[in-house]
Amino acid sequence: MYAKVIVDIAHSQVDRIFEYSCRDDVKAGCRVRVPFGGRIIDGFVMGISESASFPPEKIKPVYSVYDEPPALVPECFALMEHIAERYRVPKAAALRLFVPSEMRLGKVHEAYVSYVVLKNPGVALPKSAKKQAEILQFLNTYGEFELSALAEKFGRGAVNALKDKGAVDIEKRRKRRNPAGAEEREESPKILTPAQSAAIENVESSPKTVHLIHGVTGSGKTEIYLNIIAREISRGKTAIFLVPEISLTPQMLAQLRARFKGEAAILHSGLSAGERFDEWWRLRSGEAKIAVGARSAIFAPLENLGAIIIDEEHDSSYVSESAPRYSTVDVASWRAAYNGCKLILGSATPSVESYLKAMEGEYNLITLPERINKKPLPEIIIADMRKEVRRGNNTAFSAAMRQQLNETLESGNQAIIFLNRRGYSQTVMCRDCGYVAKCENCDVTLTYHSEDNCLKCHYCGAKYRMLQACPQCGGRHIRYSGTGTQRVVADLKELFPSARILRMDNDTVSGKDGHYKILKKFAAHEADILVGTQMIAKGHDFPSVTLVGILDADMSLHFADYRSGERTFQLITQVSGRSGRAGSPGKVVLQTYCPENYILRFATAYDYKGFFENEREIRKATNFPPYSVICRIMVTSEDEKLAVAALKNVYFACGELKNRSPEEFIFLNRMHSPIKRIQGKYRYQVLMRLKTEKLLPEIYDIAVKNSTQSTLCYIEENPGNLS
Ligand code: ADP
Ligand code: ZN
């Protein structure tokens, strides 16, 4: 027999299927070790066949098989082909997505325990086989025993001899580690509201594959997801449930464990390698039927999927930032089609792209316009920071913010102060009139580069002189730095000396565990105010929070990205959604230097449709996604000359494409990347805006062709970050 093997080397030169002869213990999906170029390396068995396509005498045998059930199911190989083709990565790189790295790197093997099980006690033994007879006697008493102990006592050879005779079997069993934080808690399912029931029925009865649930914050989307999952499980199916930051949302974890107990495997970054590995095997063995986790859980080893759910579908964490740069929705759509199952996307602020697909009828749109129990959405108070500056207030807090904080603390409730760090310190703004420097060609905000003291457009590479005074009002209060969390906490302590304050950002805590602890403390009301960045925006359900303060709503509005408007709308809606979820009605204070901005207007009115229609017009008129595709070919190398040479070739090849299909190109240029060097690698780029995805395969080919050992060329589609 012959095994078709993909060797675990992610390189285009060995991106083929190799044949090895094998025995029948090698099965499709197994991991094997094979001789390759004078070494022994790992490989994945794609399939087994009776005949080989090479002369048999030239074929080497498989060196050894990993002693474990086949890790990969047939769907993995089919999806591997799709990913390898779509994102032009070697098959091995695609396959690695399916296997926990702990397993590939051989870090957690000790978690297996082998048992020797008595099969045929009456087998005839020669007189000389004393040890074997002793083992049989021993097993007659115990039935089975750990292999390592038996081998130590009687010798491994004797055990093996018994196995060859069919007297005993050796069984591998998983030694289970219990994930931390798995405290069990009883929770009965809630009685669904009519809106929730209708949404579930709508998903069930619609013939479409993809469903977009657009429900305001607190509309009870989670309960809808859980019910859909429960129904699929009762039908004997499995499910994948993706959440952007599961490790940061303790309530969600507790809820899932309470509801599904051992049927859910929760893959989050807070787990140890061993725990993650065990959770993975629970899914693979069929013991667990629900995979819950962040982006990578889309590759969960489940068969017979009944539903895939992507919560907060607009979240940028769903696009992989390292190779293969897959889109989670793309992979999910593929798996949904393969399994004939439903894909449910949910959000209070769907991405413009998804909502457009819903409007055009590709997705089934389900709308939940009200919170559970008709609880009102929090009132949003706008504080005009230009007026504060004019009044001589140079602190980070407006009068409205101080007043609301005071009231919240006095009533014994909690507040969240949100600081927008995205784009922080890069945008140039006039504090007198709110003017923001923009590119003349691209209608996106310019970014300040301190190294050459100038302003740059990240979409076309245009360079502008740094402003000395505001071109609009002549003011000289030009700022390009926001306020840091540290400073905010210091100011708060001065304003409210008795308030207990927690701060959460990437500097305060190391590791996700630290975040979890801070959030738990806040949830237990051991603090009155939580100050933080992006990471406190999502998914939390703190019942006592009645005030959310947004210190600099503008910061992401002016981020140099065509999606800044969208991101700002999402952020304001999500952060506001943390306020007034239970008891008393909530409030939000939003500080801004441009209160008249339409995005802020739509956000404060909770007018998603208005925002969407407006945004869609802009994108259409300016030829930005989803009405075009932004494609960036990154060229990086430690050797600048090599990078420049490759850049030239890549640019030339793209130019040829453009000559052939000029109608597909809106923009094409090459330039330094905004950050010129990262980790010793020079960074150049070819930037394109294309009418459609039609030429993408050819563009991927260009990148692959120009990649060498020392120069890496890779593609980003609609990158979330152009640095
Ligand atoms: P979303 O995900 O849409 O923001 P959640 O799922 O967090 O909303 O629900 C908001 C709140 O409403 C939660 O506290 C949840 O426990 C509660 N809730 C959800 N469904 C019901 C229901 N059917 N009956 C009572 N409370 C519910
Ligand atoms: Zn520009």
Side-chain angles (χ1 to χ4, degrees), residues 185-203 211-231 239 241-246 248-260 264 292 294 307 309-315 317-318 344-351 354-355 365-378 413-414 416 418 519 522-525 536-546 548 569-586 588 603 606 608:
R185 175 179 83 157
E186 279 309 312
E187 190 177 295
S188 45
K190 297 186 173 67
I191 298 164
L192 297 176
T193 63
Q196 287 171 324
S197 300
I200 295 166
E201 282 327 303
N202 191 334
V203 169
H211 308 261
L212 177 63
I213 301 182
H214 172 213
V216 297
T217 55
S219 57
K221 294 185 288 296
T222 314
E223 201 56 36
I224 296 175
Y225 305 145
L226 299 186
N227 272 272
I228 291 174
I229 293 172
R231 176 143 78 186
F241 182 17
L242 304 184
V243 221
E245 305 210 17
I246 181 84
L248 291 185
T249 44
Q251 306 100 323
M252 178 78 101
L253 272 173
Q255 206 176 354
L256 283 162
R257 291 210 192 281
R259 189 73 66 89
F260 297 114
V292 185
I309 291 160
I310 304 186
D311 188 24
E312 312 284 7
E313 67 89 28
H314 63 276
D315 197 89
S317 71
Y318 287 124
I344 295 117
L345 311 176
S347 176
T349 51
S351 66
S354 295
Y355 203 79
L365 179 64
I366 298 164
T367 310
L368 300 162
E370 284 180 346
R371 279 187 161 182
I372 292 283
N373 299 329
K374 301 214 175 344
K375 216 164 252 327
L377 286 160
N413 285 315
Q414 290 175 292
I416 291 178
F418 175 77
L519 291 167
F522 191 62
H525 212 142
I536 60 173
K538 284 178 231 160
H540 304 296
D541 197 12
F542 300 116
S544 305
V545 170
T546 55
V548 165
F569 184 88
Q570 286 163 352
L571 216 57
I572 293 175
T573 311
Q574 297 292 344
V575 188
S576 305
R578 300 314 113 213
S579 181
R581 289 171 77 86
S584 352
V588 176
Y606 295 105
Y608 178 85

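Worth knowing before you read on, the calculation uses all heavy atoms, side chains too, and leaves out hydrogens, waters and symmetry mates. Index from 1, following the sequence. Both ligands and their constituent atoms are indexed starting at 1 by order of listing.
- Between Gln196 and Lys190, the closest side-chain pair of non-hydrogen atoms is not below 4.5 Å.
- Of all the heavy atoms of Lys221, the ones lying under 4.0 Å from any atom of ligand 1 are found in both the backbone and the side chain.
- Residue-to-ligand polar distances keep Gly215 apart from ligand 1: every N/O pair is separated by 3.5 Å or more.
- With sequence neighbours excluded, the residues that form a ring pair (Phe, Tyr, Trp, His ring centres under 6.0 Å) with Phe542 are Phe522, His540.
- The closest heavy-atom contact to atom 19 (C) of ligand 1, among the options Val216, Ile372, Asn373, comes from Ile372.
- In this structure the side chain of Val292 never reaches within 4.5 angstrom of the side chain of Phe260, judged on heavy atoms.
- Only side-chain heavy atoms of Gln196 come within less than 4.0 Å of ligand 1; its backbone N, CA, C and O stay farther off.
- Counting heavy atoms from C-beta on, the side chains of Thr349 and Leu571 never come closer than 4.5 Å.
- Of all atoms in ligand 1, listed by their number and element, those nearer than 4.0 Å to a heavy atom of Ser219 are 1 (P), 3 (O), 8 (O).
- In this structure, Ile372 and Glu223 have side chains that are not in contact, with every pair of non-hydrogen atoms separated by 4.5 Å or more.
- Close contacts between ligand 1 and Ile191 involve ligand atoms 22 (C), 23 (N), 24 (N) [criterion: under 4.0 Å to a heavy atom].
- Residue-ligand proximity, Thr217 to ligand 1, at heavy-atom distances under 4.0 Å covers atoms 4 (O).
- At under 3.5 Å, not a single nitrogen or oxygen of Glu223, backbone or side chain, sits near a nitrogen or oxygen of ligand 1.
- Each of the following atoms of ligand 1 lies closer than 4.0 Å to a heavy atom of Thr222: 2 (O), 5 (P), 6 (O), 7 (O).
- Classification of the Tyr608-Tyr355 ring pair by plane angle, with boundaries at 30° and 60°, yields perpendicular.
- Annotation for ligand 1: atoms under 4.0 Å from non-hydrogen atoms of Thr193 are 23 (N).
- The proximity of Leu192 to ligand 1, defined as any non-hydrogen pair under 4.0 Å, is limited to the backbone.
- Between the side chains of Thr222 and Gln255, no donor-acceptor pair is found at a separation under 3.5 Å.
- Under the rule for a side-chain contact (heavy atoms from CB on, under 4.5 Å), the partners of Ser219 that lie at least two apart in sequence or sit in another chain are Val216, Lys221, Leu368.
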